[in-house]
Engineer: 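Here it is: the structure, laid out below.
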Amino acid sequence: MYYLQALGASLREALQHQFGGDAGPVSWEVAPASVQVTGRHGDLTCHYAFHAAKLFHTNPRELAHVLRAAIPPSLGVSTEVAGPGFLNFSLEAASAKAILSDVFQNPAGYGHWQQKQARQVNMEFCSANPTGPIHLGNARGACFGSVTANLLEACGHKVSREYYFDDFGTQVDTFALSLLARYREAQGQESVFPEGGYQGEYVREIGQRAAQEHFEWAGLPFQDLLVELRRFGLQEMARAHRQTMDGLGIHFDTWFSQSSLERDGFLHRAQVLLEDAGFLYPRDGALWFRSTAFGDDKDRVVIRSNGEPTYFAWDIAYNLHKRERGFDWIIDVWGPDHHGYVMRNKAAFQALGYDADDLTLLIYQLVRWFEQGEEVKMSKRTGEFLTLDEVTEAIGRDAVLFFLLNRSPDSTLDFNLDLARQQSLSNPVFYVQYAYTRAFSVEREAIQRGLAIGEIDLETCQAYGPAEHRLLAKIALAPEEIATAASNLLPHRLSGFAKELAGDFHSFYHDHRILGVDASLQQARLNLVSAFRITLGNILTLLGLSAPETM
RNA sequence: GCUCCCAUAGCUCAACUGGAUAGAGCGACAGACUUCGGAUCUGUAGGUUGCGGGUUCGAUUCCUGCUGGGAGCGCCA
């Protein structure tokens, strides 16, 4: 149990003792600067008394005093009640020791949590259309999904990362036809480029490669050639997507092919299940799903009058497939153009007999691309778009990730490549990473001087003053921040915390020497620096960023 | 017309289940180490949180009506 968890538990239990009810876990924050500036000291604060007072219909300030009295001295904090009911905590040697022990006991796992009810999570994200390269819009979903998966894992869940590959349908047909034209072109044959085909350069390249590696296909009948090229093209695109994701350090456990849903009978099975449950009916030659039974504003077609399943039908089958693979929590990360599909998918999920809460559909907002002050509309058809590889190459992997991570998924994101390139060196990611590097170099120097790190005793902890306590409080907060970001499915919370944590360290480092001061103070500060470095390193890892030892 | 998202400093964005004087970075201005890495630190300027109501001890946060921007509203994927 982490230190703050223990402290929170003492408050929670005090309430149970007093009122016989549970007000839930305590949430913490560092004391606002105003509290510290005015001399009303405090390293950590909580507004639990307000929260609980509302629940138990009592006065928050009186309640705060009750809570204060209930904190066991062994926890080693001094507590005071401020204003209408804030509880401010100041760290002391014993609490400092407890926090450091949390870190050094299991450095690589600091900030992570055990989970009594671990869920089997299937997290599907990015899933860019295979008819084109991954662009910045897909990247947002990739980054968001990947870090969210990391966070859930850190909270003890089992997470499988999945990439859905749409290798079926009219778009892929058009892609194959475009490829065919490029293939023939590369062989010096006459070719007519299909109307509405994919004009991007990458199609030409794949066509050329196909022509070089498989000139023998030229003799095939049209349909057979198209099948070969289609397969070849999809393979190439899958490889390209995987490479792009690898370049960002984002990995998937499963690359799931849409067409396998039909091959393995899931498309059919989903239909039978819904049919048996009485949620399907024919109208106008098509087959409809009664999504209005679950609050949707109209029913939705699953099988078109031409006999082809709709995109929605594939989704239903896919969710069924995921459930039958044993996942009890399905999370999909979708772009803004899918928001209309949330309701109907939840409806179908329930119609299959599952709990709507076990399907989470996360929608992130659009990325708009600006160049010289003007918005550039992306289009795969015309081949005009900014690929993720281009952006990564221009400003660097960590900078791209941090740029995407820093923003709430609910806000549209404007991306100006000129500006990003220009400012890539001032990207806050380097500020954060530099803090890690600095701390690491202090440790390296300390080891060279023959000092030991991480041996925690109460006496050494007596050496800490207000500056150290402030940084320690931030370190103690890390597990809470990770849990909060995870439970809200909002990774950008954690990147914000990483900046704060790094900032506190930079500030401390500037004002205080670590090596070469009085021996016990030196030991105490060295432990602090190391605990900081471990904490920040774990956070960087969760964010999918590198933690460089030198820069 | 309906649904979803957004509007906070000059710019890009934060602000946990409603909490203390709304915070960072970039840009501007003024400063700071002969020691462990200056990709750093400190300070100043910059705000009627789009506008109007409401809920209460307390609202950037919740409700409501506007204004402006984005996305979606297909038997496309």
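Here is the naming used below: chain letters follow the sequence lines, and residue numbers restart at 1 for every chain.
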Engineer: Have a look at A:Arg300 and say if it touches a base, only the backbone sugar-phosphate, or nothing, with a 4.0 Å heavy-atom cut-off.
Structural biologist: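 Counting heavy atoms under 4.0 Å across all strands, no contact is made by A:Arg300.
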Engineer: NA contact type, A:Ser441, heavy-atom cut-off 4.0 Å: base, sugar-phosphate, or nothing?
Structural biologist: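 Base: the residue A:Ser441, judged by heavy atoms under 4.0 Å, touches a nucleobase.
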Engineer: Going by an N to O cut-off under 4.0 Å, is there a salt bridge joining A:Arg368 and A:Asp414?
Structural biologist: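 Yes.
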Engineer: In whole Å, what separates the P atom of B:G43 from that of B:G25?
Structural biologist: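 B:G43 and B:G25 have their P atoms separated by 11 Å.
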Engineer: Of the options B:A71, B:C36, B:U42, whose atoms approach the side-chain atoms of A:Ser507 most closely?
Structural biologist: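 For the A:Ser507 side chain, the nearest candidate turns out to be B:U42.
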Engineer: Give one of base, sugar-phosphate or nothing for A:Arg513, where a contact means two heavy atoms less than 4.0 Å apart.
Structural biologist: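 Base contact - A:Arg513 has a heavy atom under 4.0 Å of at least one base atom.
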Engineer: In whole Å, I'd like the distance from the NE2 atom of A:His512 to the P atom of B:A32.
Structural biologist: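 Computing the A:His512:NE2 to B:A32:P distance gives 20 Å.
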Engineer: With a non-hydrogen cut-off below 4.0 angstrom, is A:His339 in contact with a base, only sugar-phosphate, or nothing?
Structural biologist: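 Contact class for A:His339: base.
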Engineer: At 4.0 Å (heavy atoms only), tell me whether A:Asn129 reaches a base, stays on the sugar-phosphate, or touches nothing.
Structural biologist: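 Since only primed, P, OP1 and OP2 atoms lie under 4.0 Å of A:Asn129, the category is sugar-phosphate.
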Engineer: By the 4.0 Å heavy-atom rule, please label A:Leu366 as base, sugar-phosphate, or nothing.
Structural biologist: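 The answer is sugar-phosphate, as A:Leu366 gets under 4.0 Å only of primed atoms, P, OP1 or OP2.
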Engineer: Rounded to the nearest 0.5 Å, how far does CZ of A:Arg397 lie from CG of A:Leu545?
Structural biologist: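 Reported value, rounded in 0.5 Å steps: 6.5 Å.
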Engineer: Name all residues meeting the side-chain hydrogen bond (donor to acceptor under 3.5 Å, both in side chains) criterion together with A:Ser441; count only those two or more places apart in sequence or in a different chain, and write none if there are none.
Structural biologist: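 Testing A:Ser441 for side-chain hydrogen bond (donor to acceptor under 3.5 Å, both in side chains), a comparison that skips the adjacent residues, returns none.
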Engineer: I'd like to know if A:Lys474 pairs up with A:Asp43 as an ion pair, taking the criterion as any Lys NZ or Arg NE/NH1/NH2 lying under 4.0 Å from an Asp or Glu carboxylate oxygen.
Structural biologist: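 Salt bridge absent between A:Lys474 and A:Asp43.
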Engineer: Among the candidates B:G74, B:G37, B:C16, find the nucleotide nearest to the side-chain atoms of A:Thr550.
Structural biologist: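 Output: B:G37.
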Engineer: Is there a stack between A:Tyr434 and B:G37, judged by ring centres under 5.5 Å and planes under 30°?
Structural biologist: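 Not stacked by the 5.5 Å and 30° rule.
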Engineer: Could you check A:Glu468 against A:Arg525 for salt bridge (charged side-chain N to carboxylate O under 4.0 Å, His left out), going step by step and ending with a plain yes or no?
Structural biologist: CA-CA 8 Å; A:Glu468 287 88 356; A:Arg525 285 185 177 164; 2.8 Å; yes
Engineer: What interatomic distance, in whole Å, is found between P of B:C63 and the corresponding atom of B:G70?
Structural biologist: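 So the two P atoms sit 24 Å from each other.
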Engineer: Ring centres of A:Phe294 and A:Phe279 under 6.0 Å apart?
Structural biologist: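 Between A:Phe294 and A:Phe279, the centre distance is under 6.0 Å.
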Engineer: By the 4.0 Å heavy-atom rule, please label A:Phe86 as base, sugar-phosphate, or nothing.
Structural biologist: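 The residue A:Phe86 makes base contact.
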Engineer: Does any donor-acceptor pair link the side chain of A:Thr170 with the base of B:C76 at a separation under 3.5 Å?
Structural biologist: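 When only heavy-atom distances are counted, A:Thr170 does not reach the base of B:C76 through any donor-acceptor pair under 3.5 Å.
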Engineer: Round to a whole Å and report the spacing from CD1 of A:Ile363 to P of B:G72.
Structural biologist: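 In whole Å, B:G72 P and A:Ile363 CD1 are 12 Å from each other.
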Engineer: Within the structure shown, what part of the strands sits under 4.0 Å from A:Ser411 by heavy-atom distance: base, sugar-phosphate, or nothing?
Structural biologist: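 A:Ser411: backbone/sugar contact only, no base atoms under 4.0 Å.
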Engineer: Under the ring pair (Phe, Tyr, Trp, His ring centres under 6.0 Å) test against A:Tyr318, which residue among A:Phe266, A:Phe256, A:Phe168, A:Tyr311 passes?
Structural biologist: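 Filter result, single survivor: A:Phe256.
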Engineer: Could you tell me how far B:A45 sits from B:A28 if I compare only their C1' atoms? Round to whole Å.
Structural biologist: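 To the nearest whole Å, 8 Å.
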Engineer: What is the separation between atom NE2 on A:His47 and atom P on B:A15, rounded to the nearest whole Å?
Structural biologist: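 About 15 Å, once rounded to whole Å.
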Engineer: Take atom P in B:U49 and the same atom in B:G23, then report the distance between them in whole Å.
Structural biologist: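 That atom pair is separated by 13 Å.
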Engineer: Would you please indicate yes or no on a ring centroid separation below 6.0 angstrom for A:Phe415 and A:Trp369?
Structural biologist: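 That pair fails the under 6.0 Å test.
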Engineer: How long is the gap from CG on A:Leu472 to CZ on A:Phe532, to the nearest 0.5 Å?
Structural biologist: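 If we round to the nearest 0.5 Å, A:Leu472:CG and A:Phe532:CZ are 12.0 Å apart.
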Engineer: Could you state the atom-to-atom distance from CZ of A:Arg344 to P of B:G72 in whole Å?
Structural biologist: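 These atoms are roughly 14 Å apart.
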Engineer: Judged by each residue's nearest nucleotide on RNA chain B, which is more toward the 5′ side, A:Gly503 or A:Trp28?
Structural biologist: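 Taking each residue's closest nucleotide, the earlier one in sequence belongs to A:Trp28.
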Engineer: Could you tell me how far apart A:Phe402 (CZ) and B:C13 (C1') are, to the nearest whole angstrom?
Structural biologist: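 Nearest whole value for this atom pair: 12 Å.
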Engineer: What is the nucleic acid contact for A:Pro25, judged by heavy atoms within less than 4.0 Å: base, sugar-phosphate only, or nothing?
Structural biologist: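 No contact.
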Engineer: First locate atom CG of A:Asp315, then atom CG of A:Leu320, and finally report the distance between them rounded to the nearest 0.5 Å.
Structural biologist: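 So the CG of A:Asp315 and the CG of A:Leu320 are separated by 12.5 Å.
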Engineer: Is any N or O donor-acceptor pair between the side chain of A:Asp315 and the base of B:A77 shorter than 3.5 Å?
Structural biologist: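 Side chain to base: no pair below 3.5 Å.
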Engineer: Using the C1' atom as the point on both nucleotides, what is the distance between B:C4 and B:A22, in whole Å?
Structural biologist: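 Result for the C1' pair: 27 Å, nearest Å.
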Engineer: With respect to the phosphate group of B:C36, does any side-chain polar atom (N or O) of A:Arg525 fall under 4.0 Å of OP1 or OP2?
Structural biologist: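 No, outside the criterion.
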Engineer: Given the rule that a pair is Watson-Crick or G-U wobble with both distances under 3.5 Å, how would you write RNA chain B in dot-bracket, using | for pairs to a different strand?
Structural biologist: (((((((..((((.....[...)))).(((((.......))))).....(((((..]....))))))))))))....
Engineer: For atom P, what is the distance between B:U48 and B:U42, given to the nearest Å?
Structural biologist: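 Rounded to whole Å, the distance is 26 Å.
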Engineer: Using the side-chain heavy atoms of A:Arg407, tell me which of these nucleotides is nearest: B:A14, B:A77, B:C36.
Structural biologist: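 From the listed options, B:A14 comes nearest.
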Engineer: What's the gap between B:U17 and B:A9 when it is taken at their C1' atoms, as a whole Å value?
Structural biologist: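 It comes out at 28 Å once rounded to the nearest Å.
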Engineer: Is there a side-chain polar atom (N or O) of A:Arg368 under 4.0 Å from OP1 or OP2 of B:G69?
Structural biologist: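 Indeed not, no polar side-chain atom of A:Arg368 lies that close.
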Engineer: What's the closest nucleotide to the side chain of A:Val442 if the choices are B:G74, B:U42, B:C36?
Structural biologist: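 Side chain of A:Val442 sits closest to B:C36.
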Engineer: Output the single nucleotide from B:C36, B:A15, B:C76 whose closest atom is nearest the side chain of A:Arg304.
Structural biologist: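 Of the options given, the side chain of A:Arg304 lies nearest B:C76.
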Engineer: What about A:Thr437: does its side chain form a donor-acceptor pair under 3.5 Å with the base of B:A39?
Structural biologist: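 For A:Thr437, whose side chain was compared with the base of B:A39, there is no donor-acceptor pair (under 3.5 Å).
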Engineer: If you check the A:Asn88 side chain, which of B:C16, B:A20, B:A77 turns out closest?
Structural biologist: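 Within the option list, the nearest is B:A20.
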Engineer: Would one find a side-chain N or O of A:Thr310 under 4.0 angstrom from OP1 or OP2 of B:C76?
Structural biologist: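 Answer is no, no contact under 4.0 Å.
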Engineer: Could you state the atom-to-atom distance from NE2 of A:His492 to P of B:A15 in whole Å?
Structural biologist: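 Answer to the nearest Å: 4 Å.
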Engineer: Distance check needed: B:C4 P versus A:Met343 CE, whole Å only.
Structural biologist: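 Distance, rounded to whole Å: 9 Å.
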Engineer: Just call it for A:Tyr341: base, sugar-phosphate, or nothing, with non-hydrogen atoms closer than 4.0 Å on any strand.
Structural biologist: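 Counting heavy atoms under 4.0 Å across all strands, the contact made by A:Tyr341 includes a base.
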Engineer: Rounded to whole angstrom, note down the P distance from B:U3 over to B:G65.
Structural biologist: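 So the two P atoms sit 10 Å from each other.
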Engineer: Categorize A:Thr131 for me: base, sugar-phosphate, or nothing, with a 4.0 angstrom heavy-atom threshold over every strand shown.
Structural biologist: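 Result for A:Thr131 = nothing.
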Engineer: Taking any heavy-atom pair under 4.0 Å as a contact, classify A:Asn427: base, sugar-phosphate, or nothing.
Structural biologist: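 No contact.
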Engineer: With side-chain contact (heavy atoms from CB on, under 4.5 Å) as the test, pick out the partner of A:Val302 among A:Phe289, A:Trp288, A:Trp314.
Structural biologist: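 Of A:Phe289, A:Trp288, A:Trp314, side-chain contact (heavy atoms from CB on, under 4.5 Å) with A:Val302 is met by A:Phe289 alone.
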Engineer: Please tell me which of the listed nucleotides, B:G38, B:C75, B:A20, lies nearest to the side chain of A:Val301?
Structural biologist: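 Among B:G38, B:C75, B:A20, the one nearest the side chain of A:Val301 is B:C75.
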Engineer: Of A:Asp337 and A:Arg444, whose closest RNA chain B nucleotide lies nearer the 5' terminus?
Structural biologist: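 Its nucleotide being nearer the 5' end, the pick is A:Arg444.
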Engineer: Is A:Asp332 salt-bridged to A:Lys322, cutoff N-O under 4.0 Å?
Structural biologist: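 Salt bridge between A:Asp332 and A:Lys322, a charged N being under 4.0 Å from a carboxylate O: yes.
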Engineer: Report the distance from atom NE2 of A:His510 to atom C1' of B:C41, rounded to the nearest whole Å.
Structural biologist: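 That distance rounds to 4 Å.
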